[in-house]
2 protein chains.
Amino acid sequence: MPASRSATSLGPGLPARQQSLRDHNLALALRVVSDAGGPVSRAQIAGATGLTRATASTLVELLLAGGLLTETALLTAPGSGRPAVGLALAPGGFGGLGLEVNVDYLAVTVVDLTGEVVLREVLDGDQRGRSPDVVLKAAARLAASALATAHGRGLRVAGTAVSVPGLVRDGRHVRAPNLGWYAVDVLAALRRNPSVAALDLSIDNEANDAARSEVTAELRSFLFVSGEIGVGAGIVLDGVLFRGTRGWAGELGHVSVDPAGPRCRCGAQGCLEVVAGLEAVTRAAGLTPTQGLPHGVALTAAAEAGDGATLAALEAAARALATAIGGALHLLDVGTVVLGGAYARLAPWLVPTLSRCLQERLLWSSWEGPIVRPAAQGAEAASLGGARSVVARLLSEPERWLVT
Amino acid sequence: MPASRSATSLGPGLPARQQSLRDHNLALALRVVSDAGGPVSRAQIAGATGLTRATASTLVELLLAGGLLTETALLTAPGSGRPAVGLALAPGGFGGLGLEVNVDYLAVTVVDLTGEVVLREVLDGDQRGRSPDVVLKAAARLAASALATAHGRGLRVAGTAVSVPGLVRDGRHVRAPNLGWYAVDVLAALRRNPSVAALDLSIDNEANDAARSEVTAELRSFLFVSGEIGVGAGIVLDGVLFRGTRGWAGELGHVSVDPAGPRCRCGAQGCLEVVAGLEAVTRAAGLTPTQGLPHGVALTAAAEAGDGATLAALEAAARALATAIGGALHLLDVGTVVLGGAYARLAPWLVPTLSRCLQERLLWSSWEGPIVRPAAQGAEAASLGGARSVVARLLSEPERWLVT
DNA sequence: AGCATAAGTTCAATGGGTCAACAAATGCCG
DNA sequence: CGGCATTTGTTGACCCATTGAACTTATGCT
């Protein structure tokens, strides 16, 4: 379960010193361990990185002392020779925390260095009626309690990633129309809780973090399409999220799929969101949005019951999705689409049509057809992805955590 | 005129050695010189990079010895103190060559380290009737002659970038339907010419190289939209071309703008290319494509004459462009659109409508409106962009050219 | 002429990776 | 059961790039 393979290189624009060599090679060695399925030896690290065994040993020694690696049982060599000492990411040392503030729940996830979930808590409840202050106070309490539990188990939390369902400006102000938030400084509000204030906080869009949660060693580049009332996308390229010049990339919901379609709140006509968003599909299916329940539930039930209007609405949504996603794939040249959010639950009815339409559209489908699959992570994926992004940062900049 | 600011960092996945420090810092120092408007002193390099004056001096010495830099006149300091020795990119030493094979011409451009054109030659003529072998033989001769001239002026050509109007697979095989080429190994054919064989050849799509030619110090991220018979785009992010996972990114021509539109040769309906490509616009304007002449010429003439049908056709094309480009901007979050190819000539009629429609569509237009402008480089931009990309590579990896 | 100031150079010190030799730990084979 | 091949991991001398501080050089200002 390696997290993101962020660039373990010296920052462009910064001078390279001796210490930079160390930093780079530490991250390199660590990545060999995190990318390998099982335990790895010092000699294997040397082989995989191109460093000498001497250097690999030195680096490993530092990572062991810093609590990022642990020695495991001996590895039985295939032939003869001295058996190797196994090395693995330390499961009990450092961890990452993800805090998700969403429309109808709050969630917190803590993962260890291997990306495994060690703690998860969800607080259901519609947040729309409550003021940002009240919501964020509850979220901070949730994070603080998770933090205390993690500390109790000996886990050091290296950072906290906050996920919100909206646009983030300047890394601070959140505009989340679905929550009725227009310029809420989420991090400042969270920091009012003293035990959260001590944390290294960062914030990102919920779809972005959900996309991050789908990164695996095998699948490193894909388009993550999250469908709820709004439609958003996370673009993941070689394990790192593509953010665009201002951090607003991935607004798939406002790609046009029908120039003569219904008007969208953004001002344009026929945006994907107003054609294939949950609200539109629910209405097209002839269902009334169940009060308090997420739209996806009613839709899924109707589809499972084989309701004709619902199946037709889903078919139409899949076609619209194919139009928008096809355009995105032509622009971005990624080979895989991951359906998240409510689309994941609706995948059985969306994937066949979507897959077929994409196959028909894509220029290069005769060489390499697109792969469409539902998200592997279920609900609350954003808090997992956020937590993993903390760990990914730790793994790519280990020197920051190796206090001498 | 700095060329692309490619990452001057140690390759990810590669071990960092002492030599890597040197390489990184050499590129860093060189970039300070290339990014600065005028001559720079050693002390300024030290200040800008964070290196010590001692190190900056050492690096500059190497770059001088390698012929990448030259000393210029003394710089008058603002206060008193010892005057600094000016340093600038050596204009006469190294250069890059771009060779463009296009539908109705062949072009070659040679630039020096500063990105200035020192030599350009264009061979007009429709290449569609001729076999790839004949075309590429002529192209190789053109390159060889330019190379000889450049050598005669003392310029060492560091590499050659070939631009073709089609998809490139595996860095070798070119599929260019407009030329009637389906799997032509362009580089192998060019190498049959002995004086070209010695060059370090690379190959890319013509639109990509044209996009590269628009990169300046001020404009480092944009969507370059090239309209001819086909429509393609080059996505430039912080000075480097975004290529996607397989190198096919930027196929804007096959983004759908009208699900009920005419069928495209790719199989889908309503692709931008069949709605706003030159052929479609020409037909919509009621013009017959002038035999042998590029479509854009007839259109431009009719538009200048104020022909009503033509103006209406261009207006419709601009709307279609807005639909497709709007989607791309929402996905990629870049702020500027550069119109290239025939669209550059048609810009006076396209930009107003396109700009207004984008303003209406874009989610964030109230914060930051999109900028739309025609390409600064005219025809044969691809050969310029290719030549510049060679120089950009040289500047980002200077150690490869500093023979000890 | 003398002084302040800034540019550029010199050189010992620091620190990180390499290289080669060596020690340690196992399987294999006689 | 003992020697041998084989592979792992460690040690120390060496190399090399950057640092930092002292020093030299070249100019303007008073």
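Within every chain, numbering begins at 1; the chains are lettered A, B, ... in the order of the sequence lines, protein sequences first and strands thereafter.
- Across D:dG9, C:dG8, C:dG16, the shortest atom-to-atom separation from the side chain of B:Ser57 is found for C:dG8.
- Relative to the side chain of A:Ala54, the nucleotides D:dA17, C:dT26, C:dA20 differ in distance, and C:dA20 lies closest.
- One interatomic measurement links the two molecules: CD1 of B:Ile45 to C1' of D:dT18, which rounds to 16 Å at whole-angstrom precision.
- Atom pair A:Leu26:CG and C:dG15:C1' shows a separation of 14 Å (rounding to whole Å applied).
- Checked by distance alone, B:Arg82 brings a side-chain donor or acceptor within 3.5 Å of a matching partner on the base of C:dA7.
- Checking D:dA26, D:dG9, C:dG17 against every side-chain atom of B:Pro83, the shortest atom distance belongs to D:dA26.
- In this model, the phosphate group of D:dT18 is approached by a side-chain N or O of B:Asn25 to a distance below 4.0 Å at OP1 or OP2.
- Comparing D:dT8, C:dG16, C:dA7 by their closest approach to the side chain of B:Ala43 singles out C:dA7.
- Look at CG on A:Leu28: it is 13 Å from C1' on C:dG17, rounded to the nearest Å.
- Rounded to whole Å, the distance from CD on A:Gln44 to P on D:dT7 is 13 Å.
- Looking at heavy-atom distances under 4.0 Å, A:Thr58 makes no contact with the nucleic acid at all.
- In this structure, of C:dT10, C:dG16, C:dG8, it is C:dG8 that holds the atom nearest to the side chain of B:Arg42.
- The CG-C1' distance, from A:Leu62 to C:dG16, rounds to 11 Å in whole Å.
- For A:Glu214 and A:Arg388, the salt-bridge test fails: no basic side-chain N is under 4.0 Å from an acidic carboxylate O.
- Distance check: B:Arg212 CZ to B:Ser163 OG gives 8.0 Å after rounding to the nearest 0.5 Å.
- We find that CD of B:Glu71 is positioned 12 Å from C1' of C:dA7, with the value rounded to whole Å.
- Put simply, the side chain of A:Arg53 and the base of D:dG9 share a donor and an acceptor less than 3.5 Å apart.
- Distance check: B:Leu28 CG to B:Thr55 OG1 gives 11.5 Å after rounding to the nearest 0.5 Å.
- Taking only distance into account, the side chain of A:Gln18 never meets the base of C:dG16 through a donor-acceptor pair shorter than 3.5 Å.
- B:Asp112 has its side chain out of reach of B:Val391: every pair of non-hydrogen atoms, C-beta onward, lies at least 4.5 Å apart.
- Distance B:Glu61 CD to C:dA7 P: 17 Å, rounded to the nearest Å.
- Closest to the side chain of B:Thr55, from the set D:dT18, C:dT18, D:dA26, is D:dT18.
- The pair A:Asp23-A:Arg400 does not count as a salt bridge, with every side-chain nitrogen at least 4.0 angstrom from each carboxylate oxygen.
- Summarising the geometry, the separation between CG on B:Leu59 and C1' on C:dT9 is reported as 14 Å, rounded to the nearest angstrom.
- The 5' end of DNA chain C is approached more closely, in terms of each residue's nearest nucleotide, by A:Gly50 than by the other of A:Gly50 and A:Leu74.
- In this structure, B:Arg17 does not reach the C:dG16 phosphate: none of its side-chain N or O atoms is under 4.0 Å from OP1 or OP2.
- Distance CD1/B:Ile203 to OG1/B:Thr160: 12.0 Å, rounded to 0.5 Å.
- For C:dG15, neither phosphate oxygen OP1 nor OP2 lies less than 4.0 angstrom from any side-chain nitrogen or oxygen of A:Gln19.
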